K.L.:
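Here it is, the structure, as structure tokens.
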Amino acid sequence: MYRGTFAIVDLSAIRANVAAIRQRLSRHTHMLVSVKAGGYGHGAVEAAEAALAGGADYLGVASLEEAIALRQGGTEAPILVFGAVSPQAAIDAARYRVDVPLVDDWSQWDIPVYDPPLRVHIKVETGMHRLGLQAPQDVAKLARWLRVRPDIELVGLFTHLASADDADTTPTLLQAERFQAFLAVLEAEQMRPPIVHAANSAGALRFSDLHYNLVRVGISAYGYLPSSDFETDVELRPALNVYSFVTRVATVDAGEPVGYGGAFVTPRPSRIATVPIGYADGFPRWLSNRGTVIVKGKPAPIVGRVCMDQCMVDVTDLDDVAVGDCVTVYGRYAPPEWRADEFVKYDDAGQRKWLVRGFQAYSTRARLLSLDTVAAVGGTISYELMCALSSRVPRIYA
Ligand SMILES: *Cc1c(COP(=O)(O)O)cnc(C)c1O
């Protein structure tokens with residue numbers, strides 16, 4: 001690592017978050033952790049291992065590609081794909097022992113024979129209008145068809161909650177009521193599957209009546225709440241931290257434009273620091289003239305437009321900012337000893353060790369630049385910032 005822009009992913013935080021949520025579930029409730037989109041940017045295989053170590057017993061991903069990547073990474077736990085999988089693609093799902101959702105009435109289609117048998121969860125529509133069968137009678141028909149398909153194993157029934165994080169619980173309770181109707185139909189067919197599930201993080205934390213026997217937790221495993229519209233007493237520790245090092249500090253006269261298009265003009269003689277992180281790293285361009293990073297424990301506003309690979313911050317009001325100072329982009333404030341001139345003393349493996357040691361010693365008492373705070377600047381959510389972090393940013397696991 002020469003550039004000095006990196007992420008520290010605190011796997012012990014993921015493990016602890018999963019364990020803390022696991023503690024709130026009944027003994028009979030399975031816990032699925034969502035590691036889609038590369039484990040919300042943290043690294044799919046690493047996040048999966050941390051989640052399983054924390055007590056998860058199921059993994060969720062968006063696509064069959066993501067599921068196969070987990071299998072190839074050595075993950076043996078059950079995996080459910082959330083997104084639609086075609087009957088043809090499901091041949092490979094069966095081969096990799098990956099569970100798929102049935103989002104349509106397959107009984108009307110020409111469906112291949114699966115060998116080994118395919119594991120399916122019927123997905124039903126209860127109020128999100130994204131995926132799933134809409135009519136309980138279609139589910140009944142599908143269940144009767146499944147009874148004569150020994151190559152397809154009915155493992156689950158599920159739905160997805162659209163507003164479980166909302167202060168208003170009415171839409172969630174309506175979804176639960178509709179879900180119950182689907183469940184009743186399967187019961188009438190004597191086809192109630194072993195695993196019934198509806199709750200995402202918000203559902204898992206807020207609606208214990210909607211746990212059924214599996215919860216699908218994503219964002220909370222990474223230490224954030226889905227929204228600020230509800231609170232929880234479950235202690236969550238953010239796992240994602242992103243840092244960089246100042247590459248230049250310059251004194252700029254008053255009235256000088258900074259960055260592309262001169263979108264910022266210095267209102268006073270200023271000290272402007274350059275930081276090697278930009279929108280190609282997933283550091284959003286909408287933070288131009290609006291965001292804040294932390295340098296030496298103090299906020300430094302982003303000035304001018306965020307470039308593809310770099311951005312500029314105003315350090316006029318900070319003491320003695322110099323080339324090589326560490327910049328906290330997201331997460332726990334950087335340990336004071338992190339300086340680029342120390343960092344470059346080591347080879348790659350040595351740098352990682354040095355960074356991890358400093359992080360572990362400092363992070364538990366360090367202040368936090370929350371992804372929620374940064375996301376709020378752009379009217380978005382922590383999820384989007386996590387997923388945006390590009391592969392160019394090396395992940396260091398602590
Ligand atoms: C992403 C996803 C989840 C996890 O949601 P969080 O809000 O991150 O907890 C659960 N279920 C499905 C179907 C999803 O797509």
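Counting starts at 1 for both ligands and their atoms, following the listed order. Quantities reported herein were computed from a predicted structural model and do not represent experimental measurements.
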K.L.:
Let me know which of Arg178, Gln180, His160, Gln175 forms a side chain to side chain donor-acceptor pair (under 3.5 Å) with Thr126.
P.N.:
Gln175
K.L.:
Please list, chain by chain and in numerical order, all residues satisfying side chain to side chain contact (heavy atoms under 4.5 Å, CB included) with Ala398, sequence neighbours excluded.
P.N.:
Ile8, Val356, Phe359, Gln360
K.L.:
Of all residues at least two apart in sequence or in a different chain, which pass the side chain to side chain contact (heavy atoms under 4.5 Å, CB included) check with Leu225?
P.N.:
Leu205, Phe230, Thr232, Leu236
K.L.:
Under the rule for ring-ring contact (aromatic ring centres under 6.0 Å, His included), what residues qualify as partners of Phe283, not counting sequence neighbours?
P.N.:
none
K.L.:
May I ask you to decide whether Asp341 forms a salt bridge with Lys345, counting only side-chain N to carboxylate O separations under 4.0 Å?
P.N.:
no
K.L.:
Taking non-hydrogen atoms within less than 4.0 Å of ligand 1, which protein residues qualify?
P.N.:
Lys36, Tyr40, Phe82, Arg130, His160, Asn200, Ser201, Arg216, Val217, Gly218, Ile219, Tyr383
K.L.:
Flag the pair Asp281 and Arg3 as a salt bridge only when some basic side-chain nitrogen lies within less than 4.0 angstrom of an acidic carboxylate oxygen.
P.N.:
yes
